[in-house]
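Structure, as structure tokens:
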Amino acid sequence: MGLDGPTGNEGMRRRGCSCTKDDFLPEESFKSWGNYIQALQQTPRRFMDRVFTRSLDSTELHEIKARSQHEMKKTLSWWDLIWFGIGAVIGAGIFVLTGLQAREVSGPAVVISYVVSGISAMLSVFCYTEFAVEIPVAGGSFAYLRVELGDFMAFIAAGNILLEYVIGGAAVARSWTSYFATLCNHKPEDFRIIVHSMSEDYGHLDPIAVVVVCVICVLAVLSTKGSSRFNYIASIIHVIVILFIIIAGFSKADAKNYSDFMPFGIRGVFKSSAVLFFAYVGFDAVSTMAEETKNPARDIPIGLVGSMVITTAAYCLLAVALCLMQPFREINVDAPFSVAFEAVGMSWAKYIVAAGALKGMTTVLLVSAVGQARYLTHIARTHMMPPWLAQVNPKTGTPINATIVMLSATAIIAFFTELDILANLLSISTLFIFMLVALALLVRRYYVSGETTTANRNKLVACIVLILASSIATAAYWGLSDNDDWIAYVITVPIWFLATLALHVAVPRARNPKLWGVPLVPWLPSASIAINIFLLGSIDGASFARFGIWTVVLLLYYFFFGLHASYDTAKEAAENKMGDGLKKVEEGVKVSSEAQ
């Protein structure tokens, strides 16, 4: 698809307002059945090209972004990003999962679980921040991984992050209905339509969740700055409610409830940490707003790190307040804070808690809607998804097509699917993505194509393999063993430490950050990899099975459509560059002097 000249621009405009085949599959491989069969026959060669082809920073910042035809408006400051971060994270997780984990998995030590999850999230925040400052585009982790790990890994990661957004949004929307019912003095299921002829897991239809998602869709489509203002106001109210819960909770605290602090042992603490990571999901949506930030080098670090510090502190205080108000075995699973206030004689406070939960979940849905649309927009810019989804509306400056498609999927899933099924699918995708981003940061700092020597590249690969292998071994032993034997950790942890030390000492850095960089490299990214993989070891096998099924679906789409569309687009862009006598678009695309 040519982007230069009148023909390319007219094609872009037509695709923005029509729904023909060329709006979705305009590439040469899909012009005819003969072309498509020929493309399928070339799948192995094309796949190897995409695996070893890495994008450039400049490509993501200029060439890829230009495929949306219209620029996103730069309207956000660090203040907006902090409130977007708070709005994105503090929602259903703290109000829904805390009670279940405290009562059945970790006891009052749930506060330690939040600390562990918070440390893992903070390490990931640092990695995201450096990428968002250096490559301030809407693609988030997809763009970062495309630059450092190549197209294929970026696509697998992007598919899982989109799954996490859709399922997370659906889970929050159904929780919204439950808390709304509580606020109206009804049971959580009262506002759902129960269809007895359908499966129990899919027969509790939730029309209110669909309406909420539709309202969020309208807000996200109209304006990013307008969404920011709404989020800002709602988050302020939410923070006031959280402060009320903390202060009122501590005023009714009973220290005897902390007498049995860790009833389920350290294993329960880490099992809770893996599940409670859901409560931190959402901050990555803020990194997708880098393209709309006025001063990314200043605003993104303050916005991301600041919001995560505030969020972690709030979670820990809320968890402590809950477990001090009630013995952990009496905590209610569905509405822990509301029931706890009733138990200490403050029944009126449950309405404030329900209202605060609704505010929190509304802002989570809004920020999630803004973030997931920008992910999909940037993926579509590379033609791994139909380019129709990459269009940015010239009036609103927002990706309307991508927003509507993502939220339609969220609404459909929220209408049918029970919350427990949705919640079980979330953390594994997120931890996998965050591990890949930390890995990509190590590659970014220690490898530059054409500059890093073969010997240093091989040493880098060996160190990364040892870091991954020792982390996976630690997580696997933790997840599969039922005893508290520490022998295996005495082997795997020192291997991780020595591999990271070798990377620090033996491999010279190939690149330093231009504007803002993660401190303590390689230790901090390596620790992020280890902790994320360790938490994966605490997730149940059914979640891994669902993760595997989704990955197979992604691979089928990629090999039959996404691979060929992105290959054609990259080659056509390279040919356009050769014709103009400009530099190559991507690493791995060789431009011979004869061709020029």
Side-chain angles (χ1 to χ4, degrees), residues 51 93 116-117 119-128 131 139-168 171 270-271 273-285 287-288 368 371-372 375-376 379 384 422-443 464-465 467-476 478-479 496 525-555 557-558:
V51 167
V116 173
S117 297
I119 291 172
S120 176
M122 182 61 77
L123 293 175
S124 298
V125 162
F126 278 117
C127 297
Y128 265 86
F131 275 115
S141 57
F142 171 76
Y144 314 151
L145 296 176
R146 219 170 89 88
V147 169
E148 301 304 336
L149 301 182
D151 268 18
F152 177 66
M153 288 305 300
F155 178 80
I156 296 299
N160 279 286
I161 207 73
L162 290 176
L163 174 70
E164 177 245 307
Y165 271 124
V166 170
I167 291 179
F270 282 109
K271 283 185 177 180
S273 295
V275 176
L276 292 174
F277 199 85
F278 168 63
Y280 290 96
V281 169
F283 74 81
D284 51 319
S287 71
T288 68
S368 174
Q372 65 189 276
Y375 265 114
L376 185 56
I379 297 168
M384 289 188 198
L422 296 171
N424 287 335
L425 281 168
L426 286 173
S427 290
I428 186 167
S429 293
T430 308
L431 290 166
F432 175 68
I433 300 302
F434 292 172
M435 181 273 293
L436 285 180
V437 171
L439 176 62
L441 184 66
L442 289 178
V443 174
I464 288 178
V465 168
I467 289 171
L468 289 173
S470 58
S471 300
I472 291 171
T474 302
W478 172 264
W496 169 85
S526 181
S528 180
I529 292 171
I531 293 176
N532 286 327
I533 291 177
F534 182 78
L535 291 178
L536 282 171
S538 298
I539 294 177
D540 62 282
S543 295
F544 277 99
R546 286 187 284 267
F547 178 76
I549 291 170
W550 174 244
T551 301
V552 169
V553 171
L554 286 177
L555 290 174
Y557 172 84
Y558 183 75

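Side-chain atoms are counted along with the backbone in the values below, which use heavy atoms only and exclude waters and symmetry mates. Computed from a predicted structure; not experimentally measured.
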Yes or no on side-chain contact (heavy atoms from CB on, under 4.5 Å) for Phe544 and Leu536, after CA distance, side-chain angles and deciding distance? CA-CA 9 Å; Phe544 277 99; Leu536 282 171; 4.3 Å; yes
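- Taking CD1 of Ile531 as the start and CG of Leu431 as the end, the distance is 11.0 Å to the nearest 0.5 Å.
- Residue Cys127 holds its SG atom at 10.5 Å from CZ of Phe434, rounded to the nearest 0.5 Å.
- Glu148 approaches Ala440 most closely through the heavy-atom pair CG-O, 3.6 Å.
- The distance from the OH atom of Tyr280 to the OG atom of Ser120 is 10.0 Å, given to the nearest 0.5 Å.
- Between Trp496 and Ala530, the shortest heavy-atom distance links the atoms NE1-CB, 3.8 Å.
- Interatomic distance, OG of Ser528 versus CG of Leu441, reported as 9.0 Å (0.5 Å rounding).
- Put simply, the side chain of Leu123 does not reach to within 4.5 Å of the side chain of Asn532, judged on heavy atoms.
- Asn160 places a side-chain heavy atom less than 4.5 Å from the side chain of Phe547.
- Side-chain contact between Thr474 and Ile533: absent, with no pair of heavy atoms (C-beta onward) separated by less than 4.5 Å.
- In this structure, Met153 and Leu145 approach most closely via the heavy-atom pair O-CD1, 4.5 Å.
- Panel note: side chain Ser429, backbone Ile161; no donor-acceptor pair is recorded below 3.5 Å.
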Kindly determine whether Ile529 and Leu442 satisfy side-chain contact (heavy atoms from CB on, under 4.5 Å), including the steps that lead there. CA-CA 10 Å; Ile529 292 171; Leu442 289 178; 3.9 Å; yes
Worked verdict on Ile467 versus Leu439 for side-chain contact (heavy atoms from CB on, under 4.5 Å): CA-CA 10 Å; Ile467 289 171; Leu439 176 62; over 6 Å; no
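- Side-chain contact check for Val553 versus Tyr557: every heavy-atom pair is 4.5 Å or farther apart.
- Distance check, rounded to the nearest 0.5 Å: CG of Leu535 to CD1 of Ile119 gives 10.5 Å.
- Atom OH of Tyr558 and atom CZ of Phe152 lie 6.5 Å apart (nearest 0.5 Å).
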Let's go through Leu163 and Leu554 carefully: what are the C-alpha distance in whole Å and the side-chain angles of both, what is the deciding distance for side-chain contact (heavy atoms from CB on, under 4.5 Å) to 0.1 Å, and is it a yes or a no? CA-CA 11 Å; Leu163 174 70; Leu554 286 177; over 6 Å; no
